[in-house]
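Notes follow the structure.
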There are 2 protein chains.
Amino acid sequence: MMAQTPQTEAEFLASYDPKAFDAPLATVDVSIFTVIEGALHVLLIKRDEFPFKGAWALPGGFVDLSQDNGLDATAMRKLQEKTGVEASHLEQVQTIGNLSRDPRGWSLTVLYFALMSAESVTLNPGAGATEAAWHKLKGGQVEPPLAFDHAKLLKRAFARLQNKARYTMLPGYVLAEEFTLTELINIYRILLEEDLDNPMMRRRLLRSGMLEETGSMREGGNRPAKLYRYARAASNHVFDRNLEAGK
Amino acid sequence: MMAQTPQTEAEFLASYDPKAFDAPLATVDVSIFTVIEGALHVLLIKRDEFPFKGAWALPGGFVDLSQDNGLDATAMRKLQEKTGVEASHLEQVQTIGNLSRDPRGWSLTVLYFALMSAESVTLNPGAGATEAAWHKLKGGQVEPPLAFDHAKLLKRAFARLQNKARYTMLPGYVLAEEFTLTELINIYRILLEEDLDNPMMRRRLLRSGMLEETGSMREGGNRPAKLYRYARAASNHVFDRNLEAGK
DNA sequence: ATAATAGTGTCTTTAAGACAATATTAC
DNA sequence: GTAATATTGTCTTAAAGACACTATTAT
């Protein structure tokens, strides 16, 4: 308790006790998406700690006040911990907070989603987990039951990603650095769960100005295909018109 | 400290101390927008407490763990406290957390924006404030310097609102229940800071299916104008094409 | 009548959507 | 040659954008 009412801001801050008020538990959770063998996958870890010990969950955890520069840093730290690499895209989705989502009490989680290529990633359970694995997504859901409200969080993250497939170039960030147009369009098909006209998508993607030819070709199948990459300044193009698919 | 490692979830929860970990301070801040005399305004309060005592700030405050059902509830409570009414629209924008934004330590704020008609609102400073007033916005900024990082938060909330003006019917929520098409189009002009073709906007707004005629007219000026209101199921129409204005 | 604001009609442009046709590889 | 996939071309449609025009009030 304060000795007396402080008269200046310096006095106030000197006597301020951050633990005087009840604060919610604050965590960051990340939905890390990739595409493996033509299907969308999300990275899950198997919890080795209470609560929900033994259950699958989104990677996440408490903000580390001494280590994290900001919320994005917490999300990136979690990502690095589990995959050893940086994501091609990381984006905050929403913050959910209430009394019921965590049996430990009033808690709040800042939900992120990340996109990365599954190539060259070695999964690492890290502290507090016994396993880390890619799980196939069907309609924004995953096979096993998830800890906390993570099933709901996952659905929301997927919904955001799916929606952005209708008007941005984001989906390509689940691919490796070089890819063909057909590969890129297929990612859109997977996310929007609908067939898309090839010539239309081709024109649309090229018009974005975000793609550049690498100069080489993908050989091996039938007709070889040009390889593309995202242009450096990858300013994340937003189309003026949405695809009607995936509504 | 725990006596020993718990074996069951129930044991774990019984011995769990939420204050064992350092948690960030968690607040909710709300940018409440309206249009008064053809200009966009935001509701600010003058702080009567440290830190930033005497400075203008966005209405907001700590989550009340005993009272708030969720983060949206915290935002609605703040809104009610200052205006006495409910907002026509309330939406979460983003969560910002870092060590530098609050001199009291690592803190996190969940930013919301709200839209309401200024009509029939009596402003109320409420606890912790000496004044509450509408401040005119110019380019997402307000005259007086703001407490904390609120100038940045305000800019971000405004950017979100401006962006949504390009592809949603949201802007109308700053109007009273009944309005003319010209009034509605003018809100878009104010938000996008650009002139808009009247016939084009008229067709666009009517095609949304979100408007219904009230049956009465606004008289008084020159030619009377039909009055409209948002149709009940106001499912928040999203246009498939964006306006080019305001890019 | 004129001024002022509300509201309609029509043309152009752009990009999505549909689909036919051609090109390049492997076999 | 055929199969398979990559790539190009052309037509339709819908809505934005531009702008001319008509309608209804007040004075």
Side-chain angles (χ1 to χ4, degrees), chain A residues 38 163 165-169 171 175 178-189 192-228 237-247, chain B residues 38 163-169 171 175 178-189 191-228 237-247:
Chain A
N163 197 247
R166 294 184 57 224
Y167 63 94
T168 72
M169 297 281 288
L175 294 171
E178 304 197 347
F179 48 85
T180 67
L181 281 185
T182 301
E183 285 162 2
L184 180 50
I185 296 171
N186 278 334
I187 302 297
Y188 281 89
R189 293 200 176 101
L192 296 172
E193 296 166 337
E194 198 160 328
D195 195 26
L196 294 167
D197 186 69
N198 207 297
M200 183 272 283
M201 284 304 288
R202 209 157 237 291
R203 263 179 298 153
R204 181 175 160 108
L205 295 171
L206 290 175
R207 247 202 322 261
S208 76
M210 272 186 72
L211 298 179
E212 63 183 17
E213 302 183 7
T214 68
S216 36
M217 311 281 280
R218 168 138 309 157
E219 326 251 356
N222 298 287
R223 172 169 174 176
K226 278 185 185 166
L227 284 168
Y228 291 85
H237 183 76
V238 175
F239 294 96
D240 270 350
R241 289 174 68 168
N242 300 343
L243 295 172
E244 281 175 19
K247 266 200 259 202
Chain B
N163 197 248
K164 285 217 163 179
R166 295 184 59 224
Y167 62 94
T168 72
M169 297 282 287
L175 293 171
E178 305 198 347
F179 48 85
T180 67
L181 282 185
T182 302
E183 284 161 3
L184 180 51
I185 296 170
N186 278 334
I187 302 297
Y188 281 89
R189 294 201 175 102
L191 288 176
L192 296 173
E193 295 165 338
E194 200 160 326
D195 195 26
L196 295 167
D197 186 68
N198 208 297
M200 184 271 283
M201 285 303 288
R202 211 156 234 292
R203 263 179 298 154
R204 182 174 160 107
L205 295 171
L206 290 175
R207 247 201 323 261
S208 76
M210 273 187 71
L211 298 179
E212 63 183 16
E213 302 183 7
T214 67
S216 37
M217 310 281 279
R218 168 138 309 157
E219 326 252 355
N222 299 286
R223 172 168 173 176
K226 278 185 186 165
L227 283 167
Y228 291 85
H237 182 77
V238 175
F239 294 97
D240 270 348
R241 288 174 70 168
N242 300 343
L243 295 173
E244 280 175 18
K247 266 200 261 200

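Chain letters run A, B, ... following the sequence lines, proteins first, then strands; residues in each count from 1.
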Figure out the [atom1]/[atom2] separation between [X] and [N], and round it to whole Å.
X: B:Glu194; N: D:dA16; atom1: CD; atom2: C1'; value: 13 Å
X: A:Leu243; N: D:dT13; atom1: CG; atom2: P; value: 20 Å
X: A:Arg202; N: C:dA16; atom1: CZ; atom2: P; value: 15 Å
X: A:Asn242; N: C:dG17; atom1: CG; atom2: C1'; value: 14 Å
X: A:Glu244; N: D:dA14; atom1: CD; atom2: P; value: 9 Å
X: B:Asp240; N: D:dA14; atom1: CG; atom2: P; value: 13 Å
X: B:Tyr228; N: C:dA6; atom1: OH; atom2: P; value: 12 Å

Quick test: give all pairs of protein nitrogen or oxygen and nucleotides 24-26 of chain C nitrogen or oxygen below 3.5 Å, distance rounded to 0.1 Å.
{"from": "C:dT24", "atom 1": "O4'", "to": "A:Arg223", "atom 2": "NE", "distance (Å)": "3.4"}

Test item: B:Arg166 side-chain N/O and B:Leu243 main-chain N/O as donor-acceptor pair under 3.5 Å: yes
Distance-only polar pair, side chains of A:Thr214 and A:Ser216, donor-acceptor under 3.5 Å: yes
Note, A:Asn198 side chain near A:Leu181 side chain (heavy atom, < 4.5 Å): no
Base versus backbone protein contacts along nucleotides 10-15 of chain C [heavy-atom cut-off under 4.0 Å; B, S, -]: ----BB
Along DNA chain C (nearest heavy atom to each residue), the more 5'-positioned of B:Asp197 and B:Thr180: B:Thr180
Derivation of the side-chain contact (heavy atoms from CB on, under 4.5 Å) call for A:Tyr167 and A:His237: CA-CA 8 Å; A:Tyr167 63 94; A:His237 183 76; over 6 Å; no
Lys/Arg cation over aromatic B:Phe239: B:Arg204, 6.0 Å, 45° cone: yes
Sugar-phosphate only, base, or nothing, as touched by B:Asn198 at under 4.0 Å among non-hydrogen atoms: nothing
